[in-house]
Structures are given as structure tokens and as C-alpha cells.
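Note sheet for the following structure.
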Amino acid sequence: MNKEILRKQFLAKRSKLPNKDAEEKSNIITNKLLDLQIYKNSSFIMSYIAFRKEVRTKKFIKHSISNGKRVGVPITVHKTKELIVSELKDFDNELVIGYYNILTPKSQYIRRVSPSIVDLVIVPGAVFDKDGYRIGYGGGYYDRFLKKLNKDAVTIGFAYNFQLVDSLPRSKYDIPVDYILTEKQLISCKTRNI
Ligand SMILES: Nc1nc2c(c(=O)[nH]1)N(C=O)[C@@H](CNc1ccc(C(=O)N[C@@H](CCC(=O)O)C(=O)O)cc1)CN2
Ligand SMILES: Nc1ncnc2c1ncn2[C@@H]1O[C@H](COP(=O)(O)OP(=O)(O)OP(=O)(O)O)[C@@H](O)[C@H]1O
């Protein structure tokens, strides 16, 4: 099946998830993340800000900032399809609705940092396979971004368990995530690739 059909199919499936389930599953995923050694060891985390029915990230972002971690959020550069990392210090006061209806930093709160300081990235997606390959919204934003990371940065895809499949079509730009975290399991993708 091609990427476009899979993207549509999984976004449609996810859009049917009741808010209550999205919240419950997101809470489980958040708690699992906070328990991971990788999370505990991280000092600068880049996370998407959830919209629509994506796995929610607001709680863990706020928790992380309150507990002394640095957090960056993506700013989309529409023209080049690139992501800029902007450090967020106050979730409730520094964001405004931006492109695609996703919360983004207000201009006076844009604090650009280099992708090289990021040590953990939380990656969104419509569907993931067990080797960590993903299909997102189709902009190629994350594929362009992930290659700029420091080589020991860790990437974790956030998904509901129903967004997992055995294998997805791959193209030359695709960069798999290291782990996938769902409400049911933590998948280590690298060990599967050996
Ligand atoms: N929460 C969140 N933030 C994110 C992403 C994401 O997937 N989730 N992105 C991940 O890359 C980037 C934004 N990419 C996006 C690209 C397209 C659409 C979107 O709504 N597309 C329309 C179709 C638009 C068109 O074809 O012109 C749609 O799906 O209805 C949303 C986000 C950066 N920030
Ligand atoms: N590093 C790159 N350099 C140039 N083009 C790229 C790169 N990464 C992806 N692309 C192109 O961007 C387009 C969208 O890619 P793809 O379908 O993989 O997006 P996606 O992973 O679903 O989206 P996103 O990363 O925004 O969630 C494709 O045409 C792809 O060839």
C-alpha cells in the first residue's frame, strides 16, 4: 500500500478515537516516559505540541519544565519544510495558534537553539512500523530535522498501539526512530535492526 493511502487510513482511524480514550492513553504514555532512564538522563528535550488526536504532550512538557529540564518545540518553516527548535519556558503564556492550527511560540518568545543540543526528541506520526519507520503529515519536516541531530540523541515516537504496523514502505529520506512508546509497550527499534 502506498504512503498516501496509509496516511489517510491511519489519520481517519485516529480521528475517531474518543477524547476520553485519547486522554487516558496519553496519560499512560506520559507516565511511562517519565519512568524511562532515557528521559531521566535527558537535559534538552524537543517535543511536538499535540493537535487533533495526537498523543498529548502538554502534561509532560509542563512537568519537564517545572522539574528543571529544558524543552524545545518545533517551529515550521513552511517554505523550506524545515523545523526550527525554540526553547519554551512557560507553556501557558508563550504559545499562540499558528500554521496548520498547531500551537507555536509567539514571536517575542522565539528562542532558537541548535539541534545539536537536543538529546531527546519526541516524534509524532500517523503510523509507525516496528523498525521505527513512520508516516507523518507528509511535509517531510521530521526527516529533514532528524538528520541534524547529534548522533547520540535519542528519538522516541509517540503513538497509540493501534498506530503500529509490521512494516511500512520506505523511501531514501526516511529516518527511523530509536523507540516507539505506546500505552501498551515500549519498542526498541534499533535492536530489531541488528
Ligand atoms: N503536533 C505536531 N506538530 C508538528 C508536526 C506534527 O505532525 N504534529 N509536524 C510534522 O511534520 C510539523 C508540521 N507538519 C504538518 C504538516 C501538515 C499538516 C496538515 O494539517 N496537513 C493538511 C493537509 C495540508 C495540505 O495538503 O496542504 C491535513 O492533513 O489536513 C499538519 C502538520 C511540525 N509540527
Ligand atoms: N531530507 C530530505 N530532503 C529532501 N526532501 C525530503 C527529505 N525528507 C523528506 N523529503 C521529501 O518530503 C516529502 C514528504 O516526505 P514523507 O512522506 O516522508 O513525510 P512525512 O514523514 O509523512 O512527514 P512529516 O515528517 O512532516 O511528519 C517527500 O516528497 C520526501 O521525498
Side-chain angles (χ1 to χ4, degrees), residues 1-17 19 22-23 25-26 29-30 33 45-62 64 71-88 91 94-106 109-113 115 118 120-149 151 153 155-160 163-165 167-178 180-182 189:
M1 225 186 302
N2 77 31
K3 278 193 176 189
E4 199 49 50
I5 295 172
L6 284 160
R7 175 180 294 125
K8 281 206 177 121
Q9 186 187 326
F10 277 88
L11 288 176
K13 216 186 226 189
R14 194 182 67 190
S15 72
K16 295 196 184 91
L17 184 71
N19 274 320
E23 182 170 344
K25 291 178 203 290
S26 296
I29 293 168
T30 297
L33 177 75
I45 306 164
M46 149 89 153
S47 174
Y48 68 96
I49 304 174
F51 81 135
R52 298 187 183 151
K53 293 286 169 66
E54 288 178 330
V55 174
R56 296 177 187 181
T57 53
K58 179 173 163 176
K59 268 194 192 155
F60 110 76
I61 291 174
K62 290 177 79 160
S64 300
V71 175
V73 294
I75 296 180
T76 52
V77 184
H78 201 60
K79 213 169 153 189
T80 55
K81 298 273 191 283
E82 278 174 299
L83 293 182
I84 288 172
V85 188
S86 178
E87 183 166 1
L88 183 70
F91 193 103
E94 293 182 352
L95 300 173
V96 64
I97 295 285
Y99 255 129
Y100 305 119
N101 254 341
I102 303 174
L103 284 169
T104 190
K106 293 177 188 167
Y109 296 118
I110 294 177
R111 305 179 188 96
R112 186 173 183 160
V113 302
V118 173
L120 174 62
V121 185
I122 306 298
V123 181
V127 51
F128 290 85
D129 77 17
K130 293 178 174 163
D131 293 323
Y133 286 86
R134 58 179 279 283
I135 298 177
Y137 276 102
Y141 286 98
Y142 273 89
D143 293 324
R144 286 183 186 83
F145 173 71
L146 295 176
K147 65 172 202 237
K148 298 180 186 168
L149 292 172
K151 67 172 177 3
T155 56
I156 303 181
F158 260 22
Y160 304 111
Q163 292 176 283
L164 281 179
V165 296
S167 118
L168 287 173
R170 287 165 197 189
S171 54
K172 66 172 181 178
Y173 296 120
D174 291 340
I175 299 176
V177 292
D178 299 323
I180 301 166
L181 187 58
T182 79
C189 305

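Atoms within a ligand are numbered from 1 in the order they appear, just like the ligands themselves.
Counting only heavy atoms, the protein never gets under 4.0 Å from atom 29 (O) of ligand 2. Contact annotation for atom 25 (C) of ligand 1: protein absent (non-hydrogen atoms, distance under 4.0 Å). In this structure, atom 7 (C) of ligand 2 is in close contact with the protein, since a protein heavy atom lies within 4.0 Å of it. When distances from atom 11 (O) of ligand 1 to the protein are checked, a heavy atom turns up under 4.0 Å. In this structure, atom 16 (C) of ligand 1 has a protein heavy-atom contact shorter than 4.0 Å. Of the protein's heavy atoms, at least one falls inside 4.0 Å of atom 19 (C) of ligand 1.
Looking at K8 against ligand 1, nothing comes within 4.0 Å, counting heavy atoms. For L83, every heavy-atom contact with ligand 1 shorter than 4.0 Å involves the side chain, none the backbone.
Here the options are Y99, Y100, Y137, the test is ring-ring contact (aromatic ring centres under 6.0 Å, His included), and the partner is F51; only Y137 passes. For the side-chain contact (heavy atoms from CB on, under 4.5 Å) criterion with F60, the lone passing option out of V55, T30, V71 is T30.
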**Message:** Using salt bridge (Lys or Arg N to Asp or Glu O under 4.0 Å), reason through E23 and K53 one step at a time and then give a plain yes or no.
**Reply:** CA-CA 9 Å; E23 182 170 344; K53 293 286 169 66; over 6 Å; no
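Between the side chain of S26 and the backbone N or O of R56, at least one donor-acceptor pair lies under 3.5 Å. Under the 3.5 Å distance criterion, the side-chain polar atoms of T155 are matched with a main-chain donor or acceptor of D178. Under the 3.5 Å distance criterion, the side-chain polar atoms of R134 are matched with a main-chain donor or acceptor of P124. Looking at R144, its side chain never comes within 3.5 Å of a backbone N or O of E82 through a donor-acceptor pair. Of the possible polar contacts, none joining the R112 side chain to the V85 backbone as a donor-acceptor pair under 3.5 Å is found. Judged by distance alone, the side chain of E87 and the main-chain N or O of R111 form no donor-acceptor pair under 3.5 Å. Side chain of T57 to main chain of Y48: a donor-acceptor pair is present (N/O by atom type, distance under 3.5 Å, no hydrogens or angles).
Here is the list of ligand 2 atoms found below 4.0 Å of a heavy atom in Y137: 22 (O), 23 (O), 27 (O). Taking every heavy atom of D174 and a limit of under 4.0 angstrom, the matching atoms of ligand 2 come to 18 (O). Within the listing of ligand 1, atoms 1 (N), 2 (C) sit less than 4.0 angstrom from a heavy atom of I49.
Remark: among candidates N101, I102, V73, V123, the nearest residue to atom 34 (N) of ligand 1 is I102, based on non-hydrogen atoms. Evaluated by nearest non-hydrogen atom to atom 29 (O) of ligand 1, the leading choice among Y142, F51, Y100, Y137 is Y137. Looking at R7, R144, K81, E4 and measuring to atom 11 (C) of ligand 2, the nearest heavy atom belongs to R144.
With respect to atom 13 (C) of ligand 1, the closest heavy atom belonging to the protein is T76 CG2, 3.6 Å. Atom 27 (O) of ligand 2 has as its closest protein heavy atom R134 NH2, 2.7 Å. Given atom 14 (C) of ligand 2, the protein heavy atom at minimum distance is G138 O, 3.1 Å. Protein heavy atom in closest approach to atom 1 (N) of ligand 2: K147 NZ, 3.3 Å. Of the protein's non-hydrogen atoms, the one nearest atom 22 (O) of ligand 2 is G136 N, 2.7 Å. Protein heavy atom at the shortest distance from atom 25 (O) of ligand 2 is Y142 N, 3.0 Å. Of all protein heavy atoms, the one lying nearest to atom 18 (O) of ligand 2 is D143 OD2, 3.1 Å. Nearest protein heavy-atom neighbour of atom 8 (N) of ligand 1: E54 OE2, 2.7 Å. Among protein heavy atoms, atom 22 (C) of ligand 1 sits closest to R52 NH2, 4.7 Å. Counting only heavy atoms of the protein, atom 15 (O) of ligand 2 lies nearest to G140 CA, 3.6 Å. Of the protein's non-hydrogen atoms, the one nearest atom 3 (N) of ligand 2 is Y173 CE2, 3.5 Å.
Note that CD1 of I49 is 6.0 Å distant from CG of L88, once rounded to the nearest 0.5 Å. To the nearest 0.5 angstrom, L164 atom CG is 9.0 Å from D129 atom CG. A distance of 6.5 Å separates CZ of F158 from CD1 of I29, quoted to the nearest 0.5 Å.
When the shell of 6.0 Å around NZ of K8 is examined, it contains 12 or fewer heavy atoms from other residues, nucleotides or ligands.
Ligand 1 has at least one atom lying under 4.0 Å from a heavy atom of P124.
In this structure, a donor-acceptor pair under 3.5 Å is present between the side chains of K3 and S171.
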